[in-house]
Amino acid sequence: MADKMELRDVEVWDGNMAASQALRQVQIDVVAAYPITPSTPIVENYGNYLANGYIDGEFVMVESEHAAMSGCIGAAAAGGRVATATSSQGFALMVETLYQASGMRLPIILNVVNRALAAPLNVNGDHSDMYLGRDSGWIQFDAYNPQHAYDLNFIAFRVAEDHEIRLPAMVHQDGFLTSHTAQGVKTMDDDTAYNFVGEFKPMNDMLDLDHPVTHGVQTEEDWHFEHKARQHNDLMTKVFPKIEAAFDAFEKMTGRRYNIVETYKTEDADAVVVCMGTSVETAYEVADELRADGKKVGVIGIRVVRPWPHAQIAEALKGIKAIGALDRSSPNGTFGMLYNELAGTVINSGEAKVLTNYVYGLGGRDLTKVHLREIYAELLANAEAGKPTTPLQQLIGVRGPKISFH
């Protein structure tokens with residue numbers, strides 16, 4: 001039996017520490033990992049907990065991130081509770097195996113500390129890796145701060161391991177801005193945290209010799225489409241009610257409320273920005289300041305990236321006249337992913353809305369309150385005009401003359 005760790009009610013943790021403590025408290029059976037900046041402290045901390053008797057599971061050190069996820073897949077298929085962490089190029093190396101995990105319905109939890117993809121090499125945070133994995137069949141949550149990085153891990157395990165779901169899940173946090181920024185984090189004691197997730201109950205595990213199963217089958221054109229259709233339509237549509245139920249249970253236990261789509265001062269807003277990660281809380285501050293000046297602005301934060309919360313976002317955008325989609329990843333010749341997803345959501349809303357795209361923060365470049373004030377000013381002008389008054393896409397904070405693909 002693993003030793004329990006005594007925690008203060010509020011600990012000063014960065015996002016990496018918060019995530020690693022959550023993994024310790026749910027008592028993972030296997031963590032297979034290969035370190036990469038800025039996610040290294042998650043698995044480094046986990047190794048320390050194991051070495052000091054706080055964990056009963058196994059920590060497998062492998063030769064690459066591809067091997068890390070492969071090890072996780074094998075351990076999960078064998079019936080274990082499994083997790084790991086990665087970033088950037090490591091995440092890119094994992095991509096092949098991500099599809100294996102979701103296609104085999106293995107409830108692995110992956111903490112992704114978001115970081116720019118090379119080249120040029122950059123260790124700071126943007127959402128390039130998040131965007132790379134968006135269609136891999138994983139449930140994906142987004143943390144805005146260390147508290148969220150802690151809490152959302154428990155919710156991810158509870159949802160992913162539900163026998164009606166059985167899909168892997170990612171918990172994203174911004175590299176350095178969250179992962180290495182220490183804040184007060186409200187904790188749970190070890191028993192409370194573990195009991196929220198519950199004892200792991202294997203399903204279709206390879207080591208259950210009384211109920212033999214096959215993993216990693218080949219289907220070709222005769223059944224491949226049906227497999228993917230069921231995964232898309234039958235499983236992913238069940239995820240939202242499970243997430244809502246987990247959010248409700250978590251609020252009842254801790255008093256902390258999460259929503260699939262986080263709205264802030266949107267009820268009577270003319271213009272909103274839609275964003276993810278640490279930018280959401282910066283936008284909250286600017287919205288407060290502009291509200292004090294009589295400007296009707298708000299913020300929509302995406303909490304669940306996959307499955308895409310089409311209905312929830314459509315509801316949140318009712319009555320909004322101008323929308324700024326803030327993408328923290330280079331679209332490389334098109335609009336940003338968030339812009340395109342929002343366009344698909346609002347096109348049949350029956351309301352006239354002006355949607356524009358802002359690409360920002362690549363490679364860790366700051367998004368300042370001044371930038372957001374300028375964005376809101378343009379959005380309010382769009383709302384008043386009922387049409388775009390600026391290019392449909394702008395790159396925010398880039399040095400040199402303004403540029404845009406569109």
Side-chain angles (χ1 to χ4, degrees), residues 1-33 35-60 68 72 80-87 107-114 141-161 169-200 246 249-251 253-256 258 278:
M1 168 108 28
D3 293 336
K4 290 191 170 59
M5 185 179 289
E6 296 297 326
L7 300 175
R8 300 179 184 87
D9 291 342
V10 178
E11 293 278 359
V12 179
W13 288 343
D14 60 22
N16 280 330
M17 176 61 80
S20 70
Q21 285 282 359
L23 298 188
R24 179 189 65 80
Q25 289 185 308
V26 300
Q27 289 295 315
I28 309 297
D29 294 310
V30 176
V31 169
I36 185 170
T37 302
S39 68
T40 298
I42 294 178
V43 293
E44 183 179 35
N45 293 339
Y46 189 86
N48 285 332
Y49 306 146
L50 179 63
N52 288 293
Y54 293 111
I55 292 167
D56 284 333
E58 299 290 335
F59 182 31
V60 183
C72 288
R81 174 173 282 167
V82 180
T84 190
T86 195
S87 301
I108 300 162
I109 303 304
L110 174 60
N111 278 270
V112 186
V113 181
N114 295 127
F141 298 91
D142 189 36
Y144 309 159
N145 58 43
Q147 182 74 65
H148 300 171
Y150 179 67
D151 294 346
L152 290 175
N153 266 279
F154 301 111
I155 290 162
F157 276 103
R158 182 165 170 141
V159 173
E161 292 177 357
M170 301 179 199
V171 178
H172 294 275
Q173 58 173 291
D174 283 357
F176 290 100
L177 293 174
T178 299
S179 66
H180 287 65
T181 300
Q183 296 181 358
V185 175
K186 297 178 182 178
T187 69
M188 296 179 284
D189 64 72
D190 287 358
D191 288 337
T192 300
Y194 181 83
N195 290 334
F196 177 79
V197 175
E199 181 181 353
F200 183 70
F250 195 81
E251 181 185 24
M253 182 178 69
T254 67
R256 298 192 289 276
Y258 292 95
T278 49

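Position 1 is the first residue of the sequence, and the numbers go up from there. Given the structure is predicted, the values throughout are model-derived calculations rather than measurements. Every heavy atom of this structure was used, including side-chain atoms; hydrogens, water molecules and symmetry mates were not.
Closest heavy-atom contact between Val113 and Ser87: O-OG, 2.7 Å. Val171 approaches Ala156 most closely through the heavy-atom pair CG2-CB, 3.8 Å. Here the closest heavy-atom approach between residue Ala160 and residue Pro107 is recorded as O-CB, 3.3 Å. Residues Cys72 and Ala83 come closest through the heavy atom pair SG-O, 3.9 Å.
Between the CG atom of Asp14 and the CG atom of Leu177 there is a distance of 12.0 Å, given to the nearest 0.5 Å. One finds the CZ atom of Phe154 at 7.5 Å from the CE atom of Met253 (value rounded to the nearest 0.5 Å). Separating the OG1 atom in Thr254 from the CD atom in Gln147 is a distance of 8.0 Å, to the nearest 0.5 Å.
Between the side chains of Asp189 and Thr192, at least one donor-acceptor pair of N or O atoms lies under 3.5 Å. When only modelled atom types and interatomic distance are considered, His172 and Asn114 share a side-chain donor-acceptor pair under 3.5 Å. Side-chain N/O atoms of Asn16 and Asn45 include no donor and acceptor closer than 3.5 Å. Tyr144 and Thr178 share no donor-acceptor pair across their side chains, judged by distance under 3.5 Å alone. Defined by atom type and a distance below 3.5 Å, a donor-acceptor pair is present between the side-chain atoms of Thr278 and Asp174. Judged purely by distance below 3.5 Å, without hydrogens or angles, the side chains of Gln25 and Tyr150 pair a donor atom with an acceptor atom.
The 12-atom threshold is not exceeded at CD of Glu58, counting heavy atoms of other residues, nucleotides or ligands nearer than 6.0 Å.
Salt bridge Arg256/Asp151: present, at least one basic N to carboxylate O contact under 4.0 Å. Lys4 and Asp191 are joined by a salt bridge, as a carboxylate oxygen and a charged side-chain nitrogen come within less than 4.0 angstrom of each other.
Taking the ring axis of Phe196 as reference, the NZ or CZ atom of Arg158 stays within 45° of it and closer than 6.0 Å to the ring centre.
A ring-centre distance under 6.0 Å is not found for Phe141 and His148.
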